[in-house]
Amino acid sequence: MSVRGELLQRFLDAASGGDHETLSLMLSQSRELLDERGEQGWTALMLTARNGHYEAARVLLTSGCDTRVTNRSGQTARDVAVFWGHTHIARLLTGTDTQEPDIHFNREILDRMSDRRSDGEWLASRRASPETVFLLFHALSPLVRSGAEREEQIELCKLRSTAVQELLTGSRTLEVFLGVEKQDDGQPAWFALSTEDDPSQLLQDKDPGSFFLQEAMPGLLRLSDDDAGVVAQARSVLAWHSRYRFCPTCGSDTKVEEAGYKRTCLRAGCRSLQGVHNTCYPRVDPVVIMLVLHPDGKQCMLGRKKIFPPGMFSCLAGFVEPGETLEAAVRREVQEESGVQVGSVQYLSSQAWPMPSCLMIGCHCVAVTTDIKVDQNEIEEARWFTRQQVMDALVKDKQAVFVMPPRQAIAHYLLKHWIGCNANL
Ligand code: ZN
Ligand code: MG
C-alpha cells in the first residue's frame, strides 16, 4: 500500500472507531483526506455517521468536509445516520443540531425571541401576518388531527389568523407568543391561544377532522418530536396561567404582560411590584429521576407505581426540595422510596415534561447498600434487574421479565444509556 493509502486507512479507521483526537491531529497536518473515499467507497464522515460517533463527526464538519458526497449506493453521510437511527448525528449534519440526545419534548424548532415579548408593535404585525401560525388550546389540551403518515401519530392543527378570527370571535382567549421558526427565511411567528369557551361545535362544521386531545397522558406522547417540543413550551406556560390567575403575594387580580410570560399585580402598593419577583413569572418544577446502579455494576434498580401499566418498571423520581442540591435530592428520594443508600451521582441529561411544568433531571447514581425496603405509599415494588433483563425488555423479547418505560420518557434513555446502546432514542 502507498504511503497515502496507509494514511487514508488510518484516517478512516479513526473515523470508524470514533477517535476524534487522531482525526483532529491528522487534519491539523493536512486536509487532503477529508472527503476521500476508502476502498468501500465510504468517506470518514460516513463512517462516523454509521457508527454513531458524534464528536468525531463534529470534528470532520468543523474542518469543512463536504456533506454532499455520496457512497456507491448514492447515500450521503446524513442518509447513513438516518438509516442507522443516529438522529442526533443526522441533525448535526443538517445543521439543526443540539448536542443533547433527542428526547421527546426537548426539540426546539422555535427561537423564543424573548427580547420581542415587550415589543407591542412587532407582536401586532406578527399577529396580523398571513404566515403566522396559531395553536389552539382549550383546558390545556391542544387542537390536533390524526397524523398523515402513521395512524397512531397525531399532529397539531396549525391555524392561520383568518381561521382563528372566525373561530374565536367573542370568546375570551389568552395569548402566548412562542417564537419564530429557526429554519425558514420567512420566519413565521407562532402563538398559542387558549380559549375559555369550547369551540368544538364550531370546529365540527369547519374542520371535522380536528379535535382537542382528550388525555394529556399518553396523548402528548403521540405527537412528532417537532410538535412535542412546541407543546412543552406552550402547555407549561398556559398551565401556569390557569393556576396563578391571582397575585401570589396579595391575592389581587393580575394582568398578563410580556406576551404571556408575566402576570403583574393590579393592586397599587403590592409588594410584588417592587423589584423582581419569581412569583410574577412562569414556574418550572425540578424533578430528579435516577437510575440506581448496583455496587457490582451489573444490575440496576427499578420501581413500579400502582398506576403504571401492567409489568412496567421505571426509574425512581421525586421533586427537588427547597435548599437542596440535585445530588442530595437523588440520595434522599432513593433512600425514602427504596431504603437504599446512594453514593456518587452523575447528571446525564434533562427533559422538559409539561405535566404541567416539570423539568426532569436525569441521573445515574451508584448504590452503596443493596437491601430494598419499599415505601408502599410511593411505589408498589422495587427490584434489581440485570443488564440482560434490561436488554430483553428493550427489544421486547418473549423472555422479558418487565416492560420498559415508553421511549418518549427520559427513564427509557437512562436505561438505554446504561446498557451501552446508542445514546439517542
Ligand atoms: Zn399583589
Ligand atoms: Mg418521593
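Counting starts at 1 for both ligands and their atoms, following the listed order. Along the sequence shown, residues carry numbers from 1.
Ion pairing of Arg304 with Glu380 is present here, as a side-chain N (NZ or NE/NH1/NH2) and a carboxylate O approach within less than 4.0 Å.
Taking each heavy atom of Ala14 and Leu23 in turn, the nearest pair found is CB-CD2, 3.8 Å.
Around the Mg ion (ligand 2), the protein atoms of type N, O or S found under 2.8 Å away are Glu333 OE1, Glu337 OE2, Glu378 OE2, listed by chain and number.
Looking at Val368, Val334, Thr370 one by one, the single match for side-chain contact (heavy atoms from CB on, under 4.5 Å) with Val340 turns out to be Val334.
Centred on the Zn ion (ligand 1), the angle running from Cys247 (SG) to Cys250 (SG) is recorded as 110°, rounding to 10°.
Using modelled atom types, one side-chain atom of Asp227 and one backbone atom of Leu156 make a donor-acceptor pair closer than 3.5 Å.
Using the six-membered ring where Trp is involved, Phe191 and Phe177 have ring planes that are tilted, between 30° and 60° apart.
Counting heavy atoms from C-beta outward, Phe313 and Arg383 have side chains that approach closer than 4.5 Å.
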